[in-house]
Trainee: 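Structure incoming, see below.
The figures that follow rest on heavy atoms only: side chains count, while hydrogens, waters and symmetry mates do not. Protein chains get the first letters and strands the later ones, always in sequence-line order, with residue 1 at the start of each.
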Amino acid sequence: MFQLESVTFAVPERTLLQPLNLTLPPGEMIGLIGHNGSGKSTLIKLLARQQTATAGSILLDERPLHAWGEREFARQVAYLPQQLPAAESLTVRELVAFGRYPWHGLLGRFSVDDEQEVARAMELTDVTRFADNLVDTLSGGERQRVWLAMLLAQHTRYLLLDEPTSALDIAHQVEVLALVHRLSRELDLGVIVVLHDINMAARYCDHLVALHSGQLLMQGSPSELMNDACLEAIYGLPMTVIPHPDQQSSIAVARA
Amino acid sequence: MNSAALQPPSRLWLAALLLLCIGAALFSLHQQMPLAQWGALIWQPELNNLDQLLVYYSWLPRLCMAVLCGGALGLAGVLMQQVLRNPLASPTTLGVANGAQLALALATLYAPTLLVAREWLALLGGGLATLLVFALARRRGLSPLTLILAGLVVSLLLGAVNVMLMLLQPQGLAALFIWSAGSLSQNNWDGVLFLLPRLAAALLLIGWLVRPLRLLELDDSGARSLGVSLAKLRLLGLAVAVFMTACVVSSVGVIGFIGLAAPAIARLLGARTLQQRLLWAPLLGAALLLLTDFGVQYFAGNSSVLLPTGGVTALLGAPLLLWLIPRLRLPAGRPQLQPATQLPRLQREQPLLLLMALLLLGAAALALLFGLGPQGWSWVLDPQVLQWRIPRILGAAGAGLMLGLAGSLLQRLTGNPMASPELMGISAGAAMGLMLLLFIWIGAPLWARLGMGFLGALITLLIIISFARRHAYSPDRLLLVGIAIAALFDAVKMLVLSLNDPRGQSVLSWLSGSTYFVELPTALMAIACGVALLLLCLPLARWLTLLPLGESTPRSLGVPMRAARLSIMLAAAMLTAAATLLVGPLSFVGLMAPHMARMLGFHHARGQLLASALIGALLMVIADWLGRNILFPDQLPAGLLAALVGGVYLIWGLGRRR
Amino acid sequence: MRRHWLRIFAGLLLWLPLTLHAASEAPYSRIVTLDWGLAETLIGIGVTPLAVADLTNYRRWVGEPQMPPQVHNLGLRSEPNLELLTQLKPDLILITPQFEAARPLLERIAPVKSLAIYRPDSDPLQTAEEITRELAELTGHQPQAQQLVDDFERQLARLRGKLAGQSLPPFYLVSFIDERHVRVYGEHNLFSAVLARLGQENAWHAGDNYWGYAQAGVEQLADNPDAALIYFAPLPLNTEQQLAGSKLWQQMPFVQQGRVYAFPPTWQLGGLLAAQRFMGLFEEALSDE
C-alpha cells in the first residue's frame, strides 16, 4: 500500500504538486487522470522513486520510500516510463531478462529460477514467439508488450505505468490495457497507470484518482466519477456521459 | 521562463557596452599617440608623421577588423543556432573554422597559386568540414549533443592533420601557428576592404532570409506545414554562415568562441526573437572581440610576446562554455527511437575474441621484427635494434588497450556511440599538465612527466565530477564539460605554439602521442595496468548493459545510479589518464575500437569490453608501426597516425547509411 | 620464443656497461648531432658529422655550410631515429639542453654531451667560441678550431676598424613570419652580439626570449625611425608582393630611406660559422651602397 502524506513537488519556477494526501491500496488497477499539467505524471514518478518529493513523505508498506534499498525497492515496484528507451540490438529475451536484475544483482548468477521467470513473463504477455527477434524491429504494440514482460519478470507487487498507450493506435490501446487488466487480476498486482483517455480509464480501472493543477480533485470508482459534473471539473470542459451501446459501462463525450 | 527574461535587452546594457568600448578605444589610442596630434589626425593627416601613420594604417584598420570579425562571427553563430535549432552550434564547435584554416594551410604548402582566391578556398574547407560533421551526426538524428560531438571529432581530426604539417615543416609554418590562433594585427586597409563587401553581401542575404528563418523556431513539421522548404532554407542559411566564417578565417585566422559566446550572451540578456538575436549577437560579438583585442594590445604591448587575439578569446570562451552548460536547456530525454538498426550479432563471442588475440600477437611480432632500416625494408633480429622497438610496441599496445576500454565504458555509460575519452577532456587535462611542465622545466625526467600528467588528469576529473554531481552525473552534461575542457586545452595549445618557441617542436611531438620516450618498465606497467583495470571492469558488465537504456529504466530496476556512474567514470578517467601519458591526448582509438567491436557483432557488455580492448591495442600497434616507417627516418607519433587513420575510418563508418 | 626474449634482455643488460666504458675514449670521430648550430660548427673545424637531425630542413633554413652528401639524416630533431642511430654506431652524440629529455635513451647508444650555445645571461658569441674549442677538444681538431677563431677575430677586427669612422643606423634583425608578423632578434641573439662587437646597435630593445628573439607585428618596427632593417631569407610565400602593396610598409622609415637589406638563409641559432657568415653578408651589404 502506498501512502502519501502532504507530498509536495516543486521545481524552481513553480509547484507541480501541491501538498497531497492519498492512499493507494494494493491489488487494484488504479488510473491517474487529469488534464495536461495536472501532476499525474509527476505523481507516478514520485511513486516510482524516479524523483524525490520536495516535502512530505511517501510510504510503501508503512516504510518511507527512501528507506528502501535500491534492489529491495525494485523487487516491490516496477516502472515503465512514458518514452521507451531505444533498445539498440537487443533481443526480446535479453530485454526481458533485464527485469531479473533486482533479484540477481551485479554479480549474482543468472539462475534457473531467473530463466523460468523470464519464460513466464514472456508467456503472460504472449511475446514468446518473438523471443529471439530484435526489440527495435517489432511494431509499437508488440514492443509495449515486451517492455511489460520485462516489468513482469521483475516479479513485483506493483506496476507503475506512465501513459503506456500514448503511442498506440486504438486497437493496440485496447490490447495492452486489457492485458494489464487481466494480469492485475490473475497475479493480484497493484497497477497504477496514468491515462489520457477517460473512456479507457473508466473501462479498465477499478479506481480512478483525478488530479487538477497539482491537487487531488476527487477519487472513486469509475461509476462514481463518470458523470457530467465530475468530468467537467476534471477536464474543465462541458462533457456528457452516455451509456455504452453494448456494455455496462458509460462513455464520455465533449459537449463543446 | 520568468517574465523578466522576455524583455528585450535593456538600453542600459547597450549604453554601458558602448561606453566601455569607446573608453577602451580612447585609452588605447592615447597609448598610441599623444593627445596633441588627435586633431591633426582627423583634420589634416600627415602621412610622414609616424605616429599618425601607425594609427591610420595599423591601429584603425585593426579596430575595424575586430568589429567586423566579431560581428560576422556573432552573426554566423546566430544563423547556425537558428538553422540547426541547437544552442551549441557555432563556427568553432562545428569545425568550420578549423576546416577553413586547414584548407589554407595545405594550399600555402602545396599549391600556393590557389591562394589568390583564399576566401573560396576557406569556404571549400569550411564547407567540407561541415559536411563531415553532418555525415557523422546524421545517424543519430542530428541531436544537439551529437552534432557538437561530431564537430569536435572533425576538429580534432583536422587538428591532427595540421599538427602533422607543423611537425614536418616547423619553420615554414610559423605563420600558421600564429594564424591558427587568430592575430588581428594589420598594416593596411586591405583586410578591411576585403571583408567589408563580402560581409555586406552576406548581410543582404540574411535580411532576405529572416522571415522564413523565423519559422524554424517551430518544429520541423510545423514549419513544413507553413510551406517552407526546410532543406533548402537550412542549406542556404548554413551556407551563408559558413561563408562568413570562411571570410573571417581567411583574413585573420581562427578566432575561437565569439561565434558561440555572442549569441549565448545575447540570449541570456533576453534577446528572444530571431530579429533581436540577429541584432544583438553581432553587436556583442564585435564588442567582445574589440575589448579582448584592446586588452591583448595593452598587455602584450611592446613585450617580446605576441599574443594572437583569437587564442585569447578561445581561452576566455572555454570557461564561459563551462558556465553556460548548467544553464542550457537541452532537449530532455534520450534520442528518439531509431529505425531498426541491423548491427550484426555474434552468436558465440569466444572464437572471434581468441582470433583477435592471436591477430594482435601476430601484428605485434611483425611490428617488432619487420621494418625500414638504412638498407630498406628488412627483417631485423639484432637485439640492439629490437631494444628500441619492444617498449614502443608494448607501450602502444597498452595504451590502445586502455583507450579501447575507456571508450567502451564511456559509450555504455552515456548511451552515446560518439562518446570517447578524447572528448571527455581528461586527456586534455593530462596534456595540459605536461605542457606546463615542459615550459617550466626543460628536459624533465619521466617521473616528473608522469606526475604532472596525472595531476592534470586528476584536476580535470575533479572538475568534471563536481560539475556532473550537480546534475546527478548526467552523461550529457559530462560530455559537454569534457568538450569545454578539450576546447580550453586546444586554445592553450594554440597559444603556446603561436609563441614559436623552439620547445614548441617537442611539445608538438609529445602532444601528438609519441611512444618515443616510452621505456620498458613504463611499457610493462602500462600493459599490467590496462589488464588489471580490464579485469576490474568486467564485473561491472551488468551495469554497463543496463545504463545505455537511459535514466529511468536502470533506476527502476534498482541500479544504484550514482555509484554505478561514479565508478565507471573513475575507471574511464584512470584509463584515459594512463593512456594519455603514453600516447598523448590525440587519437581516436577510444572512439574507434568500441565502434569496430559493435560492427563485428559484439553486443554484450562483457564481449564488447574485451573486443574493444583487443582492437584498441591492435590499432595502436599498427599506428606505431606506421609512424616508425612511413616517413623513415622521421618518426611520426603513433597517436597522430591513429587519429588520422581513425578519423577517416570514423567518417566512413559512422556516417554510412545502412 | 621465450629463449629469444631472454637473449634480447641479456643483450640489453650486457650492452649497457659496454657503452659506458666507451665514454672515456677521445678523440671521437663518429659524431652525430641533433643541433644544426653544432653541426655547422663541426663542419667549420673540418669534421664531417656521421649524421645530423632533420637534414631536409637544414638545407632550407641553414643553407651554408652545405652538409656533405654522405651525412645521414636522423629524422625529426625532436625524435631522432634511435634504430638508425644504433645501426650507425656513433661514438659521441651531441645535443643541446633542449633535447635533454632524450638523454637516457641516447646514452644507451653512445656517450652524450650537451653543449649550450644559448644560455641565459651570457654572450652567445663568447659561448660560440667556447663551444668551437670544446668541439675541437672532443675531435682532436684544435688547430682547425684555432684557425676558425683566429679568422673570425681577424675579420671582426678588420670590419670593426673599417666601420669605425662611419656612423651607421641601428639595425633591426628580423625574419618574416608573414606579411604582418616578424621574428625580431634581440640582445641575446648571436647576430646581435656580432653587431655589438662591431660597435653597432641593435634597434630592438623591447626584450627577447631565451633564444634571443621576439615575435612582433610589423608595425612595431616603426618604433625607431632612424633604424635600418636586415631580414633573412627564406621569406614565406607571397610576402614580398603583399609588403609591396602595404601602405604602412611603404611608409616605414627604413623603406622610405632605402635602408632594407635582404640576407640569404643564415641560421639564427647557429655558432661561430653562422656569425662569420653574417659578418660577411653585413660587410657586403654595406659596401654595395
Trainee: Quick one: closest heavy-atom pair of A/T54 and A/A10, and the distance?
Mentor: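 So the minimum-distance heavy-atom pair works out to OG1-N, 2.8 Å.
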
Trainee: If we define contacts as heavy-atom pairs under 4.5 Å, which of B/P560, B/A541, B/A564, B/P554 has the most with chain A?
Mentor: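 Of the candidates given, the most pairs with chain A belong to B/P560.
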
Trainee: Shortest non-hydrogen contact from A/V146 to A/L95?
Mentor: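 That would be CG1-CD2, 3.7 Å.
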
Trainee: Strictly under 6.0 Å, is that where the ring centroids of B/Y649 and B/F588 end up?
Mentor: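 No: the rings miss the under 6.0 Å criterion.
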
Trainee: For each of B/L557, B/L546, B/V559, tally heavy-atom pairs with chain A at distances under 4.5 Å, and name the one with the top tally.
Mentor: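 Of B/L557, B/L546, B/V559, B/L557 has the most heavy-atom pairs under 4.5 Å with chain A.
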
Trainee: Just give me the residue among A/Y101, A/F73, A/W68 that pairs up with chain B most often, heavy atom to heavy atom, under 4.5 Å.
Mentor: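 Most heavy-atom pairs under 4.5 Å with chain B: A/Y101.
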
Trainee: Can you tell me how far apart CD1 (B/I615) and CZ (B/F602) are? Round to the nearest 0.5 Å.
Mentor: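 Separation between the atoms: 7.0 Å.
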
Trainee: Identify the two heavy atoms, one from B/P594 and one from B/G407, that lie closest to each other, and give their separation to 0.1 Å.
Mentor: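 Smallest interatomic distance, heavy atoms only, reads CG-C, 3.6 Å.
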
Trainee: According to side chain to side chain contact (heavy atoms under 4.5 Å, CB included), who are the partners of A/T52, at least two apart in sequence or on a separate chain?
Mentor: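 With sequence neighbours excluded, A/T52 shows a side chain to side chain contact (heavy atoms under 4.5 Å, CB included) to no residue whatsoever.
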
Trainee: For the CD atom on A/E62, are there more than 12 heavy atoms of other groups (residues, nucleotides or ligands in this structure) within a distance under 6.0 Å?
Mentor: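 No, the 6.0 Å shell around CD holds no more than 12 heavy atoms from other groups.
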
Trainee: Do any of residues 603-610 of chain B come closer than 4.5 Å to chain A, heavy atom to heavy atom, and if so which ones, in number order?
Mentor: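 At a heavy-atom separation under 4.5 Å, chain A is reached by B/H603, B/H604.
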
Trainee: For A/E72, is it the side chain, the backbone, both, or neither that has a heavy atom closer than 4.5 Å to a heavy atom of chain B?
Mentor: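 No part of it gets close to chain B.
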
Trainee: Between A/L189, A/V191, A/L60, A/L47, which is the residue that forms a side-chain contact (heavy atoms from CB on, under 4.5 Å) with A/Y158?
Mentor: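 With A/Y158 as partner, A/L189, A/V191, A/L60, A/L47 yield a single side-chain contact (heavy atoms from CB on, under 4.5 Å), made by A/L60.
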
Trainee: Side chain, backbone, both or neither: which part of A/Q154 has an atom under 4.5 Å from a heavy atom of chain B?
Mentor: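 A/Q154 touches chain B through side-chain heavy atoms alone.
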
Trainee: Side chains of residues 74-82 of chain A: which donor-acceptor partners sit under 3.5 Å, not counting sequence neighbours?
Mentor:
residue	atom	partner	partner atom	Å
A/R75	NH1	A/P102	O	2.8
A/Q76	OE1	A/R157	NH1	2.7

Trainee: Give, as side chain, backbone, both or neither, the part of A/W147 having an atom under 4.5 angstrom from any heavy atom of chain B.
Mentor: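 A/W147 touches chain B through side-chain heavy atoms alone.
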
Trainee: Measuring heavy-atom distances to chain B, does A/R71 have an atom under 4.5 Å in its side chain, in its backbone, in both, or in neither?
Mentor: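 Contact with chain B involves both backbone and side-chain atoms of A/R71.
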
Trainee: Okay, side chain of A/K40, backbone of A/G34: is any donor-acceptor separation there less than 3.5 Å?
Mentor: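 Present.
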
Trainee: Measure across A/L106 and B/P539 and return the closest heavy-atom pair with its distance rounded to 0.1 Å.
Mentor: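 Scanning both residues completely, I find the closest heavy atoms to be CD1-O, 3.4 Å.
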
Trainee: What part of A/T91 lies closer than 4.5 angstrom to a heavy atom of chain B: side chain, backbone, both or neither?
Mentor: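 When you check distances to chain B, atoms from both the backbone and side chain of A/T91 fall under 4.5 Å.
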
Trainee: What are the two closest non-hydrogen atoms of A/S184 and A/G27, and how far apart are they?
Mentor: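 Result for this residue pair: OG-O, 4.3 Å.
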
Trainee: I need the minimum non-hydrogen distance between B/L409 and B/L544, along with the two atoms involved.
Mentor: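 It is CD2-CD1, 3.7 Å.
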
Trainee: In residues 115-129 of chain A, which residues are in contact with chain B at a heavy-atom separation under 4.5 Å?
Mentor: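 Not one residue of residues 115-129 of chain A has a heavy atom under 4.5 Å from chain B.
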
